[in-house]
Student: 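I am attaching a structure below and will ask some questions about it afterwards.
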2 protein chains.
Amino acid sequence: MQAFKNRLSQYAVMDDQIWALIDEFTTKTVTYRAGEDIVRVGEVAETLFIVNKGWAVRHRTLEDGRRQIVNFMLPGDIFDLQALACLEADHTVTSVTDVSILVIDTREFVQLLRTSGDISSSFWWAAVQEESILREQIVRLGRRSAKERIGHLLLELQRRMNGAMGTNHSQLPLPLTRVDLADALGLTPVHVSRTMSAMRHAGLIEETRGVILIDDRERLARLCHFNTDYLHLRRLDLSKFPMANDTSHAGAATNEKTNGKRAPTYRT
Amino acid sequence: MQAFKNRLSQYAVMDDQIWALIDEFTTKTVTYRAGEDIVRVGEVAETLFIVNKGWAVRHRTLEDGRRQIVNFMLPGDIFDLQALACLEADHTVTSVTDVSILVIDTREFVQLLRTSGDISSSFWWAAVQEESILREQIVRLGRRSAKERIGHLLLELQRRMNGAMGTNHSQLPLPLTRVDLADALGLTPVHVSRTMSAMRHAGLIEETRGVILIDDRERLARLCHFNTDYLHLRRLDLSKFPMANDTSHAGAATNEKTNGKRAPTYRT
DNA sequence: CGGAGGATTGAGAATCTTCAATAAACGTGG
DNA sequence: CCACGTTTATTGAAGATTCTCAATCCTCCG
C-alpha cells in the first residue's frame, strides 16, 4: 500500500481524507508466486490491480514462441485501467517475483473517481505516465543499440523503483534473468549477457547477486540518451486540471514556443 | 468529420441526439500542409485533436538525429487524450500529408463526456485501442523480422483505413516514404526498400504510384502473424460499461478460462 | 528539358543471432 | 553445512540480418 501512496503523492498533494477513501476500498489483497499469470490473454477484466510488492510483466507471445515483454509493473503501478472498458486482454500479465496485489472492483473505483477530483486527476496522470512509458519503450526498441537499450532500461527501472519506494538509491535490485531482459529489449539472452559484461568492464554498471549498482548515473545517462521527462515526475498542477474542479479557470499557462515553421490555416 | 463518426460507430450505437451534441462543439477546423508540426515536444496541450483528413505521425527524435515514429494517426483518430492532464508533450506530432484537423477545447470535451455515458464509453474505448496499438508496435519492433514488420504494419494500416472510411478495399494509399516506414519500423530506408522489393517479387504485395495492393491478405497475415484482436474492432457492449449508467448491473460476463497453473492466495 | 526528391542497387562492414559447450549460482534435501 | 541437481550466465565460433556508404536510376513537376 505504501508504494501506491508514494506513487500518488508524486502526482498530487493528497490529504488524510483522501487516503481514508482509498484505504476503504483497497481491502482485498491477492498474492501470486513467481511466474504465475495474473491476467491472461482473452480474459475480460472486471477488476483493477495495484502492485503492492514484487514485480510483474505485461507480455505477449507469438505463435512460434517468440516473446515480447511490453512493460514492467513495479510496486505502486496500477493496471489495467482499460478494464474500465471491459475488454478482453490482448496480452498476459505474469508475476516475475512473488507478488502481492491489491484488487479493486471496477465499479467501486469509478465511484471513487467521481467523489474526488484530486483522485481522478491522479489516476489520469498515472494513465498518461503509463502510455508515456510505452512510447519510450518503442523508441528504445526501434532506435537504440543493445548497449543503449540495456542502460536506458536500467535507468528507467531505477528511477521508477526509487519513486515507488520513496528512496534515491544508486543500487537497483533486479529480479530479472537475461531471458527476461532479452524479451523486454528485443535481443537474445546471449547478446544481453555479452553486452552487460562489456558494460561492466567499461565501469558503467556493477552487478552482485541480482543487484545492479550504477555508480555514475550521469555517465550512463549520457551514453544512452536517457532523459527522465517521459516519466512525468513533476508534481501535478491541479489548478490546470479540468476534471479537478468545474470552475472554469481561464486559459492556464499559455506557453508560446513559436520557434520554427508552423503555419496552421484556420478555416472556421 | 465522417471518418470520426465511422470510428465511433464501430464502438457503440450512436443516435442522432448524440451526433448533434458532438457536432455542436467540433466547429473549429485547422489545416496543416504536409510536414508541419501540430504538437511540439515540451508544449503543454490544452486542446484535443481529431484527424479529419490526411495522415499524421507521432514521433521522437534523439539528440543525434535518430528518429522513431511511435504511431500513425489516421482519419478519425483522436489525440491527445492526455491533454486532459495538461502535460507537456514528450513527443512531436507532425503531418505526413496535407491534413485537416478538428480542434476541441479540453473543458468543453470534459463537459460532453459527462452528459452522455455512451460518448464517454466510446472515448474510453478509443483510448484503449490506442494503447493497444502502441503495445502491438512494441511487439513488432522487438520480436519481428524486417519482412514481418513491414507486412504487419501494412495490414494494420489497411485495416485502420478501412475502418475510418467504412470501406473494405484491398488497396491502401500509402503516403509514406521509405524513410517514414524505416523510422516507424526501426530499420533503415535502404533495408525497407530491399525487403519490400523482395515481398513484391514473392507476390505478397504490389505497389503502384504510392498505392499498396494486397492481393492475398490471408497469406500475408499468416506470414507475419497478423492478428486483428488488438484493434478491438468488435462492437462495445455498453451494458458492461461502468461509466455508461450507474445502475449497478451485477457481475457481467464471468468467463472462467481456468486452464493451466494459477494459484492466487487470498489473504484478506 | 533539367532538377530535385525519392527509390533502388551493390559491396563491404557492423551488429546481433544461433548453436553448443562450459561455468557459475541457487535451492534442496541429507 | 555440504553435495547434488537444476537453473541461469558466460564464452567461442560461425552465420544471418541489417547497416553504411556511395552510386545510379526513377518519377514527378515546373
Student: Test your reading of the model: is there a side-chain donor-acceptor pair from Arg58(B) to the backbone of His91(B), 3.5 Å cut-off?
Tutor: no

Student: Just to verify, what does Arg149(A) make a salt bridge (Lys or Arg N to Asp or Glu O under 4.0 Å) with, not counting sequence neighbours?
Tutor: none

Student: By the ring-ring contact (aromatic ring centres under 6.0 Å, His included) test, which pairs, at least two apart or in different chains, include something from residues 178-228 of chain A?
Tutor: His152(A)-Phe226(A)

Student: Is the closest side-chain heavy-atom distance between Phe49(B) and Leu102(B) below 4.5 Å?
Tutor: no

Student: Measure across Arg219(A) and Ala202(A) and return the closest heavy-atom pair with its distance rounded to 0.1 Å.
Tutor: NH2-O, 2.9 Å

Student: Give the intermediate values and the outcome of side-chain contact (heavy atoms from CB on, under 4.5 Å) for residues Thr94(B) and Asp37(B).
Tutor: CA-CA 4 Å; Thr94(B) 304; Asp37(B) 289 348; 2.9 Å; yes

Student: Within a strict 4.5 Å, meaning less than it, do heavy atoms of the Gln137(A) and Asn71(A) side chains meet?
Tutor: no

Student: Output the residues of residues 58-73 of chain A in contact with DNA chain C, where contact means a heavy atom of the residue under 4.0 Å from an atom of the strand; sort by number or write none.
Tutor: none

Student: Is a side-chain N or O of Ser95(B) found less than 3.5 angstrom from the main chain of Gly35(B), in a donor-acceptor match?
Tutor: yes

Student: Under a 4.0 Å heavy-atom cut-off, which of residues 170-188 of chain B touch DNA chain C?
Tutor: Thr177(B), Arg178(B)

Student: Mind checking salt bridge (Lys or Arg N to Asp or Glu O under 4.0 Å) for Arg160(B) and listing every partner two or more places apart, or none if nothing turns up?
Tutor: Asp77(B), Glu156(B)

Student: Given 3.5 Å as the limit, does a donor-acceptor pair link the side chain of Gln68(A) with the main chain of Arg140(B), or not?
Tutor: no

Student: Where does the chain A footprint on DNA chain D start and end, counting 5' to 3' with a 4.0 Å heavy-atom cut-off?
Tutor: dA9(D) to dA13(D)

Student: Report the residues that fulfil side-chain contact (heavy atoms from CB on, under 4.5 Å) with Leu223(A), sequence neighbours left out, ordered by chain and then residue number.
Tutor: Lys147(A), Leu204(A), Leu220(A)

Student: Is a side-chain N or O of Gln158(B) found less than 3.5 angstrom from the main chain of Ser170(B), in a donor-acceptor match?
Tutor: yes

Student: Backbone N or O of Arg135(B) within a donor-acceptor pair of the Arg60(A) side chain at under 3.5 Å?
Tutor: no

Student: For Glu218(B), does the CD atom sit with more than 12 other heavy atoms under 6.0 Å from it, leaving out its own atoms?
Tutor: no

Student: Could you go through the side-chain contact (heavy atoms from CB on, under 4.5 Å) check for Val128(B) and Asp80(A) one step at a time?
Tutor: CA-CA 10 Å; Val128(B) 167; Asp80(A) 292 299; over 6 Å; no

Student: Run the side-chain hydrogen bond (donor to acceptor under 3.5 Å, both in side chains) test against Thr167(A) and tell me which residues pass, sequence neighbours left out.
Tutor: Asn162(A)

Student: Could you tabulate the donor-acceptor pairs under 3.5 Å formed by side-chain atoms of residues 172-187 of chain B, not counting sequence neighbours?
Tutor:
from	atom 1	to	atom 2	distance (Å)
Thr177(B)	OG1	Val179(B)	N	3.2
Thr177(B)	OG1	Asp180(B)	N	3.0
Thr177(B)	OG1	Asp180(B)	OD2	3.3
Arg178(B)	NH2	Glu207(B)	OE1	3.1
Arg178(B)	NH2	Glu207(B)	OE2	2.4
Asp180(B)	OD1	Arg67(B)	NH2	3.1
Asp180(B)	OD2	Thr177(B)	N	3.1
Asp183(B)	OD1	Arg143(A)	NH2	2.9
Asp183(B)	OD2	Arg67(B)	NE	2.7
Asp183(B)	OD2	Arg67(B)	NH2	3.2

Student: Under 4.0 Å from a heavy atom of chain B: give me the 5'-most and 3'-most nucleotides of DNA chain C that qualify.
Tutor: dA7(C) to dA11(C)

Student: For DNA chain C, find the residues of residues 190-202 of chain B with a heavy-atom distance under 4.0 Å and give them by number; none if there aren't any.
Tutor: Val190(B), Ser193(B), Arg194(B), Ser197(B), Arg200(B)

Student: Below 4.0 angstrom, which residues in residues 134-151 of chain B have at least one non-hydrogen atom near DNA chain D?
Tutor: Ser145(B), Ala146(B)

